[in-house]
Amino acid sequence: MYINIIPSTETSLGLMAEVFMYISTADAGSLVFLHSGFVGDSGPGGRVGRDSVVASEGGGRASSSDTRGLGLMSRVFKETRKSGRRFGPRWMRKIGQGGHDTVGRVGDYTSTWNRALKGRNAKDMDDGRAKYIGCYIDDTQKRALRGVSFFDYKKMTVFRCQDNCAERGYMYAGLEFGAECFCGHKIQAPNASESECNMECKGERSNMCGGANRLSIYRLELSQESARRYGNAIFKGCFHRPDNVTAALPFSAVIQNMSVDKCVDMCTEREKSLAALAGEQCYCGFPTPLFSLHELEDEDMCLHRCPREEFESCGNDKFFVVYQTQVQDNRCMDRHFLPARTKQLVALASFPGAGNTWARHLIELATGFYTGSYYFDGSLYNKGFKGERDHWRSGRTICIKTHESGRKEIDAFDSSIVMIRNPYKALMAEFNRKYGGHVGFASQAHWRGKEWPEFVKNYAPWWASHTLDWLTYGKNVHVVHFEDLKRDLFSQLKGMVQFLGLKVSEDRLLCVEGQKDGNFKRSGLRKLEYDPYTPDMRVNIDELIRTVDAALKKRNMSGVPAEYMPR
C-alpha cells in the first residue's frame, strides 16, 4: 500500500496531528486515519487541507499516479477531549425564544423543526433511525458538532454517518461537503437556509450531505444501551444521592470551579471507576449495591450548570451526574479453573453468531471461573479464554461452548444454557465471522456474490433445528435470548449464574456491567448500508421464527422476543 502526502498549501500539513491505524479485511487492506482535529484555517471557504492525504485501497499495490486519482483517503476519524471540544448529555439545555439558552449564552439550536423539514421527503424526515432537523452553519474554528468525525470522499452516505454516530452513542449526526460526517451531543451553531445544504452525498446521489461549511443534521434515535461520551468518560446518567454517601462513594473532595473534566480526572487519579458530580463536590467510587446505577432518575433533576461551562451540568446536593472513568474495575477480573473437577457438564449452546463468545466473557467475569469449548480456537485462547485449550470433558471449566446439535451430541451434557438470537442478526454476524474473523467483516464482494445466498440457504434452517434439538433432547435447559441479555444484563446474567449452581456476587455483577463488551465487539465501522435479505429469504426465515416460537411455548417458556416476529 502506498500513501502520498500532498500538501495543498505550504502550511496545511502543519495544521493537523495524525495517527495511522491499519485495519485488515478479508480480501484487502484499508487505511483508517485518526487525527486530533484541524487547528488552523487554509484555502477557499475556510477548508483545511481537503486534498492533503491520498491513500490507495485494494488488494494490489498502486502507483502514485493511481492513488492521486482516488481523491482523499477513504476513512478519516478524529476525536478530542480538550481544547474546547465539550459535549455533554442532552439534558443540558433550556431553549428560550430565538434558540438562546435561558441560563447561559447560546444554547441548542434545535427548536426550528418545522422550517427545517420543509422540502424533505418522508424517508429523510423519519426512517425509524433518525429525524432530519435542518441545515446548520459550521465553523472550522468552533464546530457545530464537537464529537467524533470521519470523512469518506468516495462512499459517504446518510445512513453510514448516522450509524457511526449512533454506534458511539452521540445524539446528533451531521453531514458536510458531501463527504464529511460529524457527531455530537449538542448543536452549537445557528440554522442556515436549506438551499445552502446543496451538495449530494458522494456515495448516495439521491440525498444531500450538507454544503461548504454547512451541515445537514439528524437527531438520532439511540438504543437504550448506547453510551453517551464525554472525552474518554462514559455518561451513565442522573442518580439520586445514596442514603449513605460516604460508604457508597468513599472518596470525595470539594473542587473550585467544578467541571466534568476536573471530577473525572480526580477520580481517575484515585483509580476509581465512577465520578459523581454534586455541585462543587466530586465523589469517586465503584458501583456497589449501595449505589448500583440501576435506578436512573429523570435527567432534568440534575440540571445545575458547572461554573463558566456553557454545556455541562455538575449536578446538585440531591441528584448526582455520574460518569464512568477509564479505570478498570478489578473486582471481577480474577479467573481460575474450578478447584475440583466436576462430573456435571454444562453446555453453553448456540447457533454460530448468537453471542456465545460474548456470553462466555460475561460468565467468566461474573463467576470467576474459566469457560471451556467443544473446539479449540487459538485466537480466543490468546485473548484470555484459557479454558479453550482444555479438553471439553476435563471438568475444570464452568460450562462448555458448543454449536453442536443432534441427540448424540446433546446427550453428552447434563444441562445447558441455550443462547438464541434473532436469526436475521445471527446469520449476518456469522457470515462476517466466517469471512472476516471474530471482529472483522465480510467484504462487499462476499455480500454481493454467490457466497451470501448460499450461506443463507444452508445456515437459516440450522438456526431453527439447533434450538429445536436442544429443546427436544436437552435434559435441563435454560434459555437466554441475546437481546434480553443486552437489555437487562444484570438480572439475566444473575439467572445464568444461579443456573450454574453458584452463589451470586452482586459486586461482581456490577463490575461486569461496567466492562461488558470485552474484546470481541465489532466496531460498526463497516456495517452494511443495505438489506441483504431478499423477499424469498425473508419468507423462509419468518416461517422458521414461528416454528421456534411455537416450540418454546410448548415447553412452557416465553416465546421469542417480539422483535423477531414478522411484521
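Fair warning: this is a prediction, and the values are worked out from it, not measured in the lab.
With hydrogens and angles left out, the side-chain atoms of Asn382 and Ser379 include no donor and acceptor closer than 3.5 Å. Looking at Tyr473 and Glu409, their side chains never bring a donor and an acceptor atom within 3.5 Å of each other. Side-chain contact check for Ser350 and Asn356: at least one donor-acceptor pair (N or O, by modelled atom type) lies under 3.5 Å. Counting only N and O atoms by type, the side chains of Glu388 and Tyr370 include no donor and acceptor under 3.5 Å apart. For the residue pair His294 / Glu513, a side-chain donor-acceptor distance below 3.5 Å is found, with atom types taken as modelled.
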Could you go through the side chain to side chain contact (heavy atoms under 4.5 Å, CB included) check for Leu552 and His481 one step at a time?
CA-CA 12 Å; Leu552 288 167; His481 292 284; 4.0 Å; yes
Evaluate the criterion side-chain hydrogen bond (donor to acceptor under 3.5 Å, both in side chains) for residue pair Glu454 and Tyr459; output intermediate values, then yes/no.
CA-CA 9 Å; Glu454 191 69 19; Tyr459 276 64; over 6 Å; no
Please assess Asn207 against Thr157 for the test side chain to side chain contact (heavy atoms under 4.5 Å, CB included), listing each intermediate value before the final yes or no.
CA-CA 8 Å; Asn207 272 322; Thr157 66; over 6 Å; no
Should Cys135 and Cys197 be marked as a disulfide (SG to SG under 2.5 Å) after you check the CA-CA gap, both sets of side-chain angles, and the distance that decides it?
CA-CA 6 Å; Cys135 183; Cys197 285; 2.0 Å; yes
Starting from the C-alpha separation in whole Å, work towards a yes-or-no answer on salt bridge (charged side-chain N to carboxylate O under 4.0 Å, His left out) for Asp484 and Arg421.
CA-CA 9 Å; Asp484 292 341; Arg421 186 181 186 183; over 6 Å; no
Before you tell me yes or no, could you show the steps for Cys181 and Cys165 under side chain to side chain contact (heavy atoms under 4.5 Å, CB included), namely the whole-Å CA-CA distance, both residues' side-chain angles and the distance that decides it to 0.1 Å?
CA-CA 9 Å; Cys181 175; Cys165 291; 3.8 Å; yes
Run the ring pair (Phe, Tyr, Trp, His ring centres under 6.0 Å) test on Phe413 and Trp392 for me, step by step, so that the C-alpha distance in whole Å, both residues' side-chain angles and the decisive distance to 0.1 Å come before the verdict.
CA-CA 11 Å; Phe413 294 95; Trp392 66 279; 5.4 Å; yes
Chi angles and distances behind the salt bridge (charged side-chain N to carboxylate O under 4.0 Å, His left out) call for Asp377, Arg389
CA-CA 8 Å; Asp377 187 325; Arg389 184 171 283 179; over 6 Å; no
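The pair Arg433-Glu430 counts as a salt bridge, with a side-chain nitrogen and a carboxylate oxygen less than 4.0 angstrom apart. Residues Arg546 and Glu543 are paired through a salt bridge, judged by an N-O separation under 4.0 Å between the basic side chain and the carboxylate. Looking at Lys554 and Asp549, no side-chain N of the basic residue comes within less than 4.0 Å of a carboxylate O on the acidic one, giving no salt bridge. Between Asp536 and Lys457 there is no salt bridge, since no side-chain nitrogen of the basic residue lies less than 4.0 Å from a carboxylate oxygen of the acidic one.
The aromatic ring centres of Phe431 and Trp447 sit less than 6.0 Å apart. Centroid-to-centroid, the aromatic rings of His446 and Tyr435 come within less than 6.0 Å. When ring centroids are compared, Tyr424 and Trp463 stay outside the 6.0 Å threshold.
Side-chain atoms of Glu364 come within 3.5 Å of backbone atoms of Thr371 as a donor-acceptor pair (strictly under, hydrogens ignored). Here the side chain of Glu204 pairs a donor or acceptor atom with the backbone of Val158 at under 3.5 angstrom. No side-chain donor-acceptor contact under 3.5 Å links Arg214 to the backbone of Glu176. Proximity of a side-chain donor or acceptor of His391 to a complementary backbone N or O of Arg393 within less than 3.5 Å is detected.
Minimum heavy-atom separation, Met156 to Cys161: SD-CB, 4.2 Å. Closest of all the heavy-atom pairs between Met208 and Glu200 is SD-N, 3.9 Å.
Open room surrounds NZ on Lys343; 12 or fewer heavy atoms of other groups in view lie less than 6.0 Å from it.
Residues forming a side chain to side chain contact (heavy atoms under 4.5 Å, CB included) with Asn540 (at least two apart in sequence, or on another chain): none.
A cation-pi contact links Lys386 to Tyr381, judged by a cut-off of 6.0 Å to the six-membered ring centre and 45° from its axis.
Screening Lys401, His403, Glu404 for a side-chain hydrogen bond (donor to acceptor under 3.5 Å, both in side chains) involving Tyr375 leaves a single residue, Glu404.
Side chains of Leu175 and Glu180 form no contact here, defined as non-hydrogen atoms less than 4.5 Å apart. With a 4.5 Å cut-off on side-chain heavy atoms, Lys450 and Phe455 do not count as touching. Side-chain contact between Phe151 and Lys202 is absent, with no heavy-atom pair separated by less than 4.5 Å.
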